[in-house]
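Below, chain A is the first sequence line, B the second, and so on; all start at residue 1.
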Amino acid sequence: MENTNPLAQRRFKLEELKRRGYDPYPHKFDYTHTPSDIRRTYDAATAEELKEQNVLVRTCGRIMALRPHGKAGFMDLFDGEQRVQVYARQDKLGDQGFDLFQLLDLGDIVGAEGTLFRTRTNELTILATQLFHLSKNLLPLPEKWHGLSDVETRFRQRYVDLIVNKEARDVFVKRSRIVQEIRGFLDARGYIEVETPVLQAVAGGALARPFRTHHNALDMDLYLRIALELYLKRLIVGGLPRVYELSRIFRNEGISSQHNPEFTMLEFYQAYSDYRDLMDLTRTMLTKVAEAVTGSLEVTYQEHVLDFRQWQRYTMKEAILHFWPENISRPSEEDLRSLEKLRALLQGFKVSFAQADGRGKLLAALFEAVAEPKLIQPAFIYDYPTEVSPLSKTKPGDPDTVERFELYIAGMEIANAYSELNDPVEQCARFEEQLGARNRGDEEAHEMDEDYIRALSYGMPPTAGEGIGIDRLTMVLTNSRSIRDVILFPLLRPEPETSDIRPPTSDSGLA
RNA sequence: GGGCCGUUAGCUCAGUCGGUAGAGCAUCUGCCUUUUAAGCAGAGGGUCGCUGGUUCGAGUCCAGCACGGCUCACCA
């Protein structure tokens, strides 16, 4: 056996297993303990106790370390969470069993049966009486010290990332916990979880560009949803007073460390409430989630410590004035109502805008330029321009402003909520305004949704609704700099063709 | 889409002034029955992302392309 190519070696060893009568891919394995079970149960047991109890275990996992010593050897079996050491000795396994041990590679999945003891160095170990081949590792795992650090491989081959990088695994376990906590929180408050269409003839509920697709049998173009909103409010009309959906939405826009074309949104709607109720609810919910997931209300995010005990509240205009840079002369509240002044202020920040943009859109742009990056600690920004909020209810006595808030944490927009506009006549007029913007070239302006107007016409109770970006919330609570670190399989371009992915079909390629 | 950076052995990385490819881990051979980054001795392993160009000579310089990262624009 002179071929030292690790890939060829592994294929050869697989053939060798078959030749010796082992099933290369057995169907199941009955075990008494996972490696984690063993560690949990016996980590505290002393050598003497183990000897007295004579504990017989049958476990399985992936080989993460292999230390042969002539006619004996050690290996670490890993179940994804914990490792347990197995000691293989020729005089315990017999010649056939020990031959199997010598055929094993790092990364193979095996079973082991034996009794627990402690080595001289006091490590909890299974003294194996039997080994079982369960699956072959044909592609070697990344190196044991440095692990896998190539970002591209981590995203494309997340399975490898999960095997070797505990931090990656921890993020997704926490993500699951976040979702679980949110569901529990809403379920406990009388919400029901629903599922609404992903394929929609009109992609509404947000200002964004959709993906287009096609249904063959109906010969009909459809869009992938850009929000959950409009169908959930139809359900409020239908007499389901508290509904939520936690699911994927799709926006055909750029990719960045904060944007993936498909992402997970929670939206929930609560009848007979307004946006102030949701500010309180949001604070209660996220405080609970943060504590459950991180174990603390002080959460480290990059160079910051986020304090979930202190939530700031500013109107959009207050935030602009409050966070105004000291070296630029501060505008008056009056200036923020003037189209010309707003344009001038934005130019001062080198923010571009369209001539057609009204005061509301410019005000929102100014807020994003001045205040958004500084909103590190949890902060509610409320009272948004009507112009950028076609589905929100206006404030009493102020048709230019709506009852809407967004939650910012770590400089990112995490949540968006408002008192829902439930007047069908006004909603229709708002859609008409959006169509105007659309005709002026705004591809993200909202489309007319006739059925939604019809639904509102049956009467929707006063309602407050909110969307929370689950990916970004997960970033905050797992200290992740990029959204790709919290999405298992982020969108990447197809990888160029490579060899070595597919195992050869016949000969093991040792020529 | 723009700008900047990266791509060398299965993995993590060096590679000087342009002179013909290196280390550790992994793999293979031999020794080794309580090791744990096991050890000792030896060996094999490269389309230097791809395509061109400059040059006597390119991993190295230049151009284009591919993929990725950061960033700006757009957005949540």
Side-chain angles (χ1 to χ4, degrees), chain A residues 1-10 12-13 47 64-76 83 85-93 98 101 105-107 117-125 127 137-156 160 164 205-209 226-227 249-267 350-352 364-365 368 372 406-408 412-416 442-444 467-473 475 481-484 490 492-500 510:
Chain A
M1 177 49 55
E2 308 88 40
N3 190 328
T4 63
N5 180 325
L7 300 170
Q9 274 298 325
R10 280 156 201 255
F12 170 78
K13 286 178 182 172
M64 297 303 283
L66 207 47
R67 296 178 291 277
H69 289 253
K71 294 182 177 59
F74 293 91
M75 59 184 173
D76 295 345
R83 295 174 178 212
Q85 180 169 268
V86 175
Y87 185 34
R89 297 172 56 123
Q90 190 173 38
D91 57 5
K92 288 285 178 187
L93 288 168
F98 195 70
F101 173 72
D105 282 310
L106 279 174
F117 77 108
R118 284 191 183 274
T119 62
R120 271 178 212 157
T121 52
N122 210 36
E123 173 141 357
L124 182 64
T125 303
L127 179 59
N137 172 276
L138 293 173
L139 294 172
L141 295 173
E143 191 226 4
K144 61 182 172 185
W145 301 348
H146 305 91
L148 175 66
S149 60
D150 180 72
V151 177
E152 186 175 350
T153 309
R154 287 188 47 227
F155 296 158
R156 284 195 199 281
V160 178
V164 300
L207 308 181
R209 284 153 68 184
I226 57 173
I249 64 176
F250 309 85
R251 297 190 183 175
N252 205 341
E253 283 153 2
I255 296 176
S256 80
S257 61
Q258 288 179 40
H259 301 84
N260 194 62
E262 55 179 308
F263 63 104
T264 301
M265 182 84 106
L266 164 71
E267 285 195 28
K350 299 194 173 75
V351 175
S352 60
E368 280 170 27
E372 189 175 302
E406 292 192 351
L407 170 65
Y408 286 84
M412 288 189 288
E413 185 186 334
I414 300 292
N416 179 21
D442 185 348
E443 285 185 74
E444 284 161 8
I468 295 182
I470 297 299
D471 312 272
R472 287 186 180 175
L473 178 62
M475 288 169 68
R481 195 184 286 276
S482 167
I483 200 167
R484 296 186 199 88
L492 299 176
R493 287 189 165 84
E495 84 189 289
E497 277 198 33
T498 54
S499 55
D500 271 352
L510 284 182

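- Atom P of B:G24 sits at a distance of 23 Å from the matching atom of B:G19, rounded to the whole Å.
- Nucleotides B:U16 and B:G59 are separated by 12 Å at their P atoms, to the nearest Å.
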A:R10 vs A:N137, side-chain hydrogen bond (donor to acceptor under 3.5 Å, both in side chains): CA-CA, chis, key distance, verdict: CA-CA 7 Å; A:R10 280 156 201 255; A:N137 172 276; 2.6 Å; yes
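- For A:T4, whose side chain is taken as the heavy atoms from C-beta onward, the closest listed nucleotide among B:G69, B:A26, B:C28 is B:C28.
- Contact annotation: side chain of A:S149 to base of B:U12, donor-acceptor pair absent below 3.5 Å.
- In this structure, CZ on A:R484 lies 10.0 Å from CE on A:M475, to the nearest 0.5 angstrom.
- Side-chain proximity of A:R10 to the nucleotides B:C11, B:A26, B:G45 is greatest for B:A26.
- In this structure B:C61 sits in a base pair with B:G53, meeting the Watson-Crick or G-U test at under 3.5 Å.
- Distances from the side chain of A:R484 to the nucleotides B:G10, B:C28, B:C70 place B:C70 closest.
- One finds no side-chain N or O of A:R481 lying less than 4.0 angstrom from the OP1 or OP2 phosphate oxygen of B:C70.
- Per the geometry, CZ belonging to A:R209 stands 15 Å off C1' belonging to B:A76, to the nearest Å.
- With rounding to the nearest 0.5 angstrom, the CD atom of A:E406 is 13.5 Å from the CE atom of A:M412.
- Residue A:N5 places no side-chain atom within donor-acceptor reach of the base of B:U27, judged by atom type and a 3.5 Å distance cut-off alone.
- Comparing the P positions of B:A38 and B:C25 gives a spacing of 10 Å, expressed to the nearest Å.
- Residue A:N137 is classed as having no contact, given no heavy-atom separation below 4.0 Å to the nucleic acid.
- As a whole-Å value, the separation of A:I249 CD1 from B:A76 P is 9 Å.
- Proximity note for A:D91 (side chain, C-beta onward) versus B:U33, B:G10, B:G69: the nearest is B:U33.
- Comparing the same atom, P, in B:U47 and in B:A9 gives a spacing of 8 Å after rounding to whole Å.
- Rounded to the nearest Å, the gap between the C1' atom of B:U12 and that of B:U29 is 26 Å.
- Rounded to the nearest Å, the gap between the C1' atom of B:G45 and that of B:C28 is 10 Å.
- A donor and an acceptor atom sit less than 3.5 Å apart, one in the side chain of A:Q85 and one in the base of B:U35.
- The side chain of A:K71 has B:U33 as its nearest neighbour among B:A43, B:G10, B:U33.
- The partner of B:C25, taking Watson-Crick or G-U wobble pairs whose two distances both stay under 3.5 Å, is B:G10.
- Listed pair A:K92 / B:U34 fails the phosphate criterion, with no side-chain N or O lying under 4.0 Å from OP1 or OP2.
- Put simply, CD1 on A:I414 is 9 Å from C1' on B:A76, counting in whole angstrom units.
- Closest approach of A:D471 and A:T264 over heavy atoms only: OD2-N, 2.7 Å.
- Taking only side-chain atoms of A:R120, from C-beta outward, the nucleotide of B:U35, B:C25, B:G44 with the closest atom is B:U35.
- Separating the CZ atom in A:F117 from the CG atom in A:L127 is a distance of 5.5 Å, to the nearest 0.5 Å.
- In this structure, the CD atom of A:Q258 is 11 Å from the P atom of B:C70, given to the nearest Å.
- Between B:U8 and B:G15, the distance separating the two C1' atoms is 9 Å to the nearest Å.
- Nearest to the side chain of A:L492, among B:G69, B:A26, B:C11, sits B:G69.
- Taking every side-chain heavy atom of A:Q9 into account, B:C28 is the closest of B:C28, B:U35, B:A26.
- We find that CD of A:E152 is positioned 5 Å from C1' of B:G68, with the value rounded to whole Å.
- Distance, A:E253 CD to B:A73 P: 15 Å, rounded to whole Å.
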If you apply the rule side chain to side chain contact (heavy atoms under 4.5 Å, CB included), what do you find for A:D76 with A:R67, and how did you get there? CA-CA 9 Å; A:D76 295 345; A:R67 296 178 291 277; 3.2 Å; yes
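- Distance alone, capped at 3.5 Å, places no donor-acceptor pair between the A:R472 side chain and the A:I414 backbone.
- In terms of phosphate contacts, A:S257 brings no side-chain nitrogen or oxygen within less than 4.0 Å of OP1 or OP2 of B:C70.
- For A:R493, whose side chain is taken as the heavy atoms from C-beta onward, the closest listed nucleotide among B:C67, B:U33, B:U35 is B:C67.
- Annotation: B:U51 and B:C67 have their C1' atoms spaced 15 Å apart (nearest Å).
- As the counterpart of B:C74, no nucleotide is assigned, since no Watson-Crick or G-U wobble pattern has both distances under 3.5 Å.
- To the nearest angstrom, P of B:G49 lies 14 Å from CG of A:D150.
- For A:H69, the side-chain atoms get nearest to B:A38 when compared with the rest of B:U34, B:C70, B:A38.
- The aromatic ring of A:F263 stacks onto the base of B:A76, its centre lying under 5.5 Å from the centre of the six-membered base ring with the two planes under 30° apart.
- One distance of note links CD of A:E123 with CZ of A:R118; it measures 8.5 Å at 0.5 Å rounding.
- Judged by distance alone, with hydrogens and angles left aside, A:R67 brings a side-chain donor or acceptor within reach of the base of B:U35, the pair sitting under 3.5 Å.
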